[in-house]
Protein chains: 2
Amino acid sequence: MSNTRALPLLEPEVSEAVAPCCPPLTERPLSAEEAERTARMFKALGDPVRLRLFSLVASHEGGEACVCDISDVGVSQPTVSHHLKKLKEAGLLSSERRGTWVYYRVEPSVVAAMGQMLGSAMS
Amino acid sequence: MSNTRALPLLEPEVSEAVAPCCPPLTERPLSAEEAERTARMFKALGDPVRLRLFSLVASHEGGEACVCDISDVGVSQPTVSHHLKKLKEAGLLSSERRGTWVYYRVEPSVVAAMGQMLGSAMS
DNA sequence: CATCTATGTTGACATACATCGAAGCAGCGA
DNA sequence: TCGCTGCTTCGATGTATGTCAACATAGATG
């Protein structure tokens, strides 16, 4: 139902997600659209495997990690690739191919935006 | 999949959700168990309806809201109840019956913990 | 060009989840 | 006591999602 005829899922990495997404959750009720957009980011971290992948990249040296560094999250390689794609689509990670390997890195502004929505949530 | 060699942890279900769950995501890779537990909280906010419900409660006067205050999120009332239950199970909300109405309120420590996992890299 | 390694994509499948209507409970008031 | 209102639970259903094996693609290397 509702909407999303031409949902621009094509290139979210450009800017969209980084932008001033939403106010703190305690400030005012989110609109349907705000919730839709924000939920996509939280949902990306709502899977144990993705959460491990994300923290693996985030905590890796230089804030980036090669896929080859990831091999012990308990799922097959295609599944890893699938989850990394999801994290990228959510705007939380960006990827870059350097020769043979592909490196993923955290998108700090997006993570910070999520933190802001939660961080001042104690009134 | 089985590791769990003599982890000296207490019963997880008793007080699990509120406790200092995990370090910032940038500090070190999360373990499987940490990820499992944390993902449950993020997943709870990974649905647009739940996100609206949560921000509605969080932004409501006094940090709590009656279910009767919620009627315009676009889903039926049983569905609202279902989502509130999910949020409660994730430890993000608590509920209390006062006479005819049931009031939901934000659990600040849990939300703060989530914020710390994301936002400790910035002020 | 042939081939090997590193990632990504596709198709299939089982499970989880969001949603609704209907029924069940709990207070309140007549 | 009866009925009314607010909220939760139940059963059913369609859709989304996580997972894997098999295949496809991109660079490097011989």
Side-chain angles (χ1 to χ4, degrees), chain A residues 1-4 7 9-13 32 35-54 56-57 60 64-90 92-105, chain B residues 1 32 35-36 38-54 56-57 60 64-90 92-105:
Chain A
M1 35 258 233
S2 76
N3 83 30
T4 61
L7 226 177
L9 275 183
L10 305 175
E11 314 297 332
E13 59 225 331
E36 197 90 33
R37 202 172 351 149
T38 308
R40 228 174 292 155
M41 305 189 298
F42 281 107
K43 182 189 282 186
L45 293 183
D47 179 88
V49 174
R50 279 199 294 271
L51 203 49
R52 291 189 74 186
L53 290 174
F54 182 83
L56 215 153
V57 172
H60 206 263
E64 67 176 16
C66 169
V67 181
C68 56
D69 294 326
I70 308 166
S71 53
D72 55 343
V73 282
V75 295
S76 68
Q77 188 274 328
T79 303
V80 169
S81 188
H82 167 71
H83 283 306
L84 288 173
K85 184 181 181 182
K86 284 285 192 87
L87 286 168
K88 210 169 84 172
E89 287 173 353
L92 296 174
L93 294 181
S94 60
S95 69
E96 178 193 359
R97 172 160 226 137
R98 285 210 287 277
T100 305
W101 294 284
V102 177
Y103 290 83
Y104 282 82
R105 121 178 20 177
Chain B
M1 27 198 104
E36 198 89 33
T38 309
R40 228 174 294 153
M41 304 189 299
F42 281 107
K43 183 189 281 186
L45 293 183
D47 180 90
V49 174
R50 279 198 294 270
L51 203 49
R52 291 188 75 185
L53 290 175
F54 181 83
L56 215 153
V57 172
H60 206 262
E64 67 175 17
C66 170
V67 181
C68 57
D69 294 326
I70 308 167
S71 54
D72 55 342
V73 283
V75 295
S76 69
Q77 197 276 330
T79 302
V80 168
S81 188
H82 166 72
H83 283 307
L84 289 173
K85 185 181 182 183
K86 284 287 191 91
L87 287 167
K88 209 169 84 174
E89 288 172 352
L92 297 173
L93 292 182
S94 60
S95 69
E96 179 192 358
R97 169 159 227 138
R98 284 210 286 277
T100 305
W101 297 284
V102 177
Y103 291 82
Y104 282 83
R105 123 178 17 175

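So that the names make sense, note that chain A is the first sequence line, chain B the second, and so on, each numbered from 1.
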### Message
How many whole angstroms separate atom CD1 of A:Ile70 from atom P of C:dA6?
### Response
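Atom CD1 in A:Ile70 sits about 14 Å away from atom P in C:dA6.
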### Task
Nearest whole angstrom, please: distance from the P of D:dT8 to the CG of B:Leu53.
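In whole Å, D:dT8 P and B:Leu53 CG are 11 Å from each other.
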Taking all atoms of both residues into account, what is the closest heavy-atom pair of [X] and [Y], and its distance?
| X | Y | answer |
| --- | --- | --- |
| A:Phe42 | B:Leu45 | CB-O, 3.5 Å |
| B:Glu36 | A:Pro48 | OE2-CG, 3.8 Å |
| A:Ala44 | A:Leu92 | CB-CD1, 3.8 Å |

### Task
Using the test side-chain contact (heavy atoms from CB on, under 4.5 Å), find all partners of B:Cys68 that sit at least two apart in sequence or belong to another chain.
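Listed in chain order: B:Cys66, B:Trp101.
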#### Entry: Qualifying residues under side-chain contact (heavy atoms from CB on, under 4.5 Å), relative to B:Val102, sequence neighbours excluded
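Per chain and number, B:Val102 pairs via side-chain contact (heavy atoms from CB on, under 4.5 Å) with B:Val67, B:Ser95, B:Arg97, B:Tyr104.
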Protein and nucleotides 13-21 of chain D: nitrogen or oxygen contacts under 3.5 angstrom:
unit_1, atom_1, unit_2, atom_2, d
D:dT17, OP1, A:Lys43, NZ, 3.1
D:dG18, OP1, A:Arg50, NH1, 3.1
D:dG18, OP1, A:Arg50, NH2, 2.7
D:dG18, OP2, A:Arg50, NH1, 3.4
D:dG18, OP2, A:Lys86, NZ, 3.1
D:dT19, OP2, A:His83, NE2, 2.5
D:dC20, OP2, A:Ser76, N, 2.7
D:dC20, OP2, A:Ser76, OG, 2.8
D:dC20, OP2, A:Thr79, OG1, 2.7

Which pairs of donor and acceptor atoms, one on a side chain in residues 73-81 of chain A, lie under 3.5 Å apart (sequence neighbours left out)?
unit_1, atom_1, unit_2, atom_2, d
A:Ser76, OG, A:Thr79, OG1, 3.0

### Query
Near DNA chain D, under 4.0 Å by heavy atom, which residues of residues 94-104 of chain B?
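Within this stretch, B:Thr100, B:Trp101, B:Val102, B:Tyr104 sit under 4.0 Å of the strand.
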### Query
For A:Arg52, which residues count as a side-chain hydrogen bond (donor to acceptor under 3.5 Å, both in side chains) partner, sequence neighbours excluded?
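Residues passing side-chain hydrogen bond (donor to acceptor under 3.5 Å, both in side chains) with A:Arg52: none at all.
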#### Entry: Qualifying salt bridge (charged side-chain N to carboxylate O under 4.0 Å, His left out) pairs with a residue from residues 69-88 of chain B, counting only residues at least two apart or across chains
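Salt bridge (charged side-chain N to carboxylate O under 4.0 Å, His left out) check on residues 69-88 of chain B returns no pairs.
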### Task
Please examine the side chains of A:Val57 and A:Leu53, heavy atoms only from C-beta on, and report whether any two atoms are closer than 4.5 Å.
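The answer is no; the side chains never approach within 4.5 Å.
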#### Entry: Degree of bending in the helix from C:dC1-D:dG30 to C:dA30-D:dT1 once both end axes are built from five pairs, to 10°
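Roughly 10° between the end axes, to the nearest 10°.
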### Message
Can you list everything that forms a salt bridge (charged side-chain N to carboxylate O under 4.0 Å, His left out) with B:Arg105? Sequence neighbours excluded, please.
### Response
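With sequence neighbours excluded, B:Arg105 shows a salt bridge (charged side-chain N to carboxylate O under 4.0 Å, His left out) to B:Glu64, B:Glu96, given in chain and number order.
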